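Every chain is numbered from 1 and lettered A, B, ... according to where its sequence line falls, protein lines coming before strand lines. Only a predicted model underlies this, so the values are computations on that prediction, with no experimental measurement involved.
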Protein chains: 2
Amino acid sequence: MNNNNKFSVGEFSEKTGIPIPTLHYYDEIGLLRPEKNPSSGHRIYNYQDIIILQKILSLKFLGYSLDEIKNLLNKTSFTVDLNESLSLHLQALEKEKIQIEQSMKSINRVIRLIEEEGTVDSNLILNLIHSMRTEHIQKEWMDRHMLTDVVDVVEELEKKSEEDNFSLDKTIYQVSKEVKQLYGKPVEDPKVQRMIKNYVEEYFSLLSEDLMQKFADMNIEGELDFQEFENMTPSPFTEDEQKWFDQAIDYYIQQEEIE
Amino acid sequence: MNNNNKFSVGEFSEKTGIPIPTLHYYDEIGLLRPEKNPSSGHRIYNYQDIIILQKILSLKFLGYSLDEIKNLLNKTSFTVDLNESLSLHLQALEKEKIQIEQSMKSINRVIRLIEEEGTVDSNLILNLIHSMRTEHIQKEWMDRHMLTDVVDVVEELEKKSEEDNFSLDKTIYQVSKEVKQLYGKPVEDPKVQRMIKNYVEEYFSLLSEDLMQKFADMNIEGELDFQEFENMTPSPFTEDEQKWFDQAIDYYIQQEEIE
DNA sequence: CCTTGAACCTCAAGTTACTTGAGGGTTTAT
DNA sequence: ATAAACCCTCAAGTAACTTGAGGTTCAAGG
């Protein structure tokens with residue numbers, strides 16, 4: 001197609017960077033219908049078609065579906081009523097963006113953990129991701145049960161630096177692993193107590209004094225319907241492991257108080 | 001299903017927030033296969049299935065496809081080789097994020113323009129979006145042609161506040177409109193010259209002195225293959241309008257120099 | 001003028017992660 | 001026992017393409 005402003009699909013595709021099958025598709029759905037050579041059926045694109053395609057790409061960029069674009073293309077002017085749909089798109093994009101940012105954060109944390117540990121039990125990792133994923137849901141649940149103090153704790157934790165966050169990941173991971181190894185031993189076994197000590201120190205070194213106090217106070221108060229909460233946060237432990245772990249911590253606290 | 005840890009699809013769906021058809025689908029593709037009542041065929045989910053589902057959702061959150069998830073679910077541990085795929089996902093997410101941020105910026109600018117103008121010619125709007133969309137491509141093109149000074153100009157423009165950016169949008173839009181109205185009149189017509197004055201002032205008030213100088217110097221230098229560049233930036237004007245506009249600017253500059 | 005390879009054509013089917021619907025069986029509460 | 005609520009399977013639809021088979025047309029060289 002030697003003419004200066006008539007192009008074959010191939011040339012047009014080359015010029016615009018849009019793959020040929022996509023151009024075929026746009027033709028098929030009536031979005032961009034070039035001229036056709038009546039005898040051969042070959043498509044003939046012209047300069048105007050480049051402009052239409054640019055419009056299509058622009059509207060896609062704004063988040064419109066091809067169907068919506070087909071309608072918008074006919075409009076010669078845009079009026080304020082378009083703003084409504086633009087605002088909607090904007091909201092959707094905002095949500096997507098937040099999603100992506102959270103995912104990126106989680107991935108970074110997982111990558112680092114794997115890097116440092118070499119091999120990591122998949123259950124524990126997935127548990128970690130799960131809690132990152134549902135952080136805001138858990139917060140909302142706690143808000144609903146007016147556990148505002150705990151929300152404070154969580155938020156305090158969030159404000160911590162990346163570094164601290166990561167070392168907490170590592171501690172939680174290490175502890176999970178050790179619990180699984182040590183499970184079955186009596187809770188007063190020195191190995192067990194050393195592990196617990198490690199955990200408690202690391203975990204609370206990241207929290208300020210007064211929050212620790214609030215946290216402790218709260219622990220004393222009665223039962224709530226934790227059923228729902230438990231469903232949201234499957235622990236990496238079996239039920240028995242969890243019980244054993246709780247006992248070991250109780251024992252540790254008692255010992256501390258005696259001293 | 002009165003049993004405490006056996007659930008029907010409905011109950012399971014309620015508990016987890018995943019729609020029933022989706023659970024059916026996950027069953028079908030072998031991702032989450034609950035027990036089945038052999039006589040009725042009804043699905044029976046248990047507590048373990050909640051955990052599996054949470055794993056699935058976690059891996060989805062990281063950006064894996066259901067197919068990949070099916071394989072990952074069988075793994076009991078994750079090793080460093082997983083990091084490669086995680087990094088890839090991270091990169092993809094980063095790209096998506098940038099895309100979204102750009103779209104959001106563009107939409108905001110368009111919304112504001114429409115708000116202030118009421119009704120806007122769709123060609124001009126789409127042209128505006130097009131240039132936002134291809135900003136980085138244009139910059140790359142200029143880099144390639146070693147027009148680093150122009151890149152400086154563009155970057156300077158980018159650094160300008162949202163406000164300035166917007167008032168530039170508006171100016172460009174207004175000028176486009178006026179060009180279309182005034183086209184045909186002689187370039188020395190006072191109306192035309194007033195319009196040009198307006199444009200030049202607004203446009204260059206946003207650039208610093210030395211960049212203006214560089215820009216001017218550069219303009220004098222010879223031709224390049226602007227063909228390619230033109231393709232990337234379809235002007236909102238017809239060819240004739242563009243010519244007329246260029247002449248009007250030339251005339252304006254001459255007058256300025258005489259004074 | 002003929003041939004050959006590249007480019008083009010149409011039409012059908014595949015992709016992902018679901019959603020919707022038709023037509024019919026099962027459970028559960030009354 | 002019967003009705004409402006719930007469940008089943010299987011088929012088809014969705015968006016925005018991509019892939020492939022099988023056949024036609026074009027452009028250049030001999």
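The interatomic distance linking A:Phe7 (CZ) with D:dC26 (P) rounds to 19 Å, in whole Å. Across the protein-nucleic acid pair, B:Ile29 atom CD1 and C:dT16 atom C1' stand 10 Å apart, rounded to whole Å. At whole-Å resolution of the value, CG in B:Leu31 and C1' in C:dA17 are 11 Å apart. Per the geometry, CD belonging to B:Glu35 stands 16 Å off C1' belonging to D:dC7, to the nearest Å. The CD1-C1' distance, from A:Ile18 to D:dT18, rounds to 14 Å in whole Å. Per the geometry, CG belonging to B:Leu66 stands 14 Å off P belonging to C:dT15, to the nearest Å. When rounded to the nearest whole Å, the span between CG of B:Leu23 and P of D:dC7 equals 11 Å. Put simply, CD on A:Glu28 is 13 Å from C1' on C:dC9, counting in whole angstrom units.
Minimum atom distance to the side chain of B:Tyr25 is reached by C:dT19, of the listed D:dT18, C:dT19, D:dA16. Taking the side chain of A:Pro21 as heavy atoms from C-beta on, and the options D:dT19, D:dC8, C:dA17, the nearest nucleotide is D:dT19. With C:dT26, C:dT19, D:dA16 as the choices, the nucleotide that has an atom nearest any side-chain atom of B:Ser40 turns out to be C:dT26. Closest to the B:Lys36 side chain, of the nucleotides D:dA16, C:dA17, D:dT9, is D:dT9. Checking D:dC26, D:dT18, C:dT10 against the side-chain heavy atoms of A:Thr22 singles out D:dT18 as nearest. With C:dC8, C:dT27, D:dC8 as the choices, the nucleotide that has an atom nearest any side-chain atom of A:His42 turns out to be C:dC8. Of all nucleotides listed (C:dC9, D:dC8, C:dT19), C:dT19 comes nearest to the side chain of B:Pro19.
Nearest-nucleotide positions on DNA chain C place A:Gly10 closer to the 5' end than the other of A:Gly10 and B:Asn37. Comparing B:Gly41 and A:Ser39 against DNA chain D, the residue whose closest nucleotide sits nearer the 5' end is B:Gly41. Nearest-nucleotide mapping onto DNA chain D: of B:Asp27 and A:Asp67, the residue sitting toward the 5' end is B:Asp27.
The main-chain N or O of A:Phe78 is never found under 3.5 Å from a side-chain atom of B:Ser122 such that the two would form a donor-acceptor pair. A donor-acceptor pair under 3.5 Å is formed between the side chain of B:Lys70 and the backbone N or O of B:Ile29. Using modelled atom types, one side-chain atom of B:Ser13 and one backbone atom of B:Ile18 make a donor-acceptor pair closer than 3.5 Å. A:Arg33 contributes a side-chain N or O that, together with a main-chain N or O of A:Asp27, makes up a donor-acceptor pair within less than 3.5 Å.
Here B:Arg43 does not reach the OP1 or OP2 of C:dT26: none of its side-chain N or O atoms lies under 4.0 Å away. Considering only side-chain N and O atoms, A:Tyr26 lies nowhere under 4.0 angstrom from the phosphate OP1 or OP2 of D:dA16. For the OP1/OP2 pair of D:dC17 and a distance below 4.0 Å, the side-chain nitrogens and oxygens of A:Lys60 include at least one atom meeting the criterion.
Atom CD of B:Glu116 sits in a crowded spot, with more than 12 heavy atoms from other residues, nucleotides or ligands closer than 6.0 Å.
Backbone-only contact: A:Ile20 has heavy atoms under 4.0 Å from sugar-phosphate atoms and none from a base.
Proximity of the aromatic rings of A:Phe61 and B:His130 is defined here by a centroid distance below 6.0 angstrom, and this criterion is not met.
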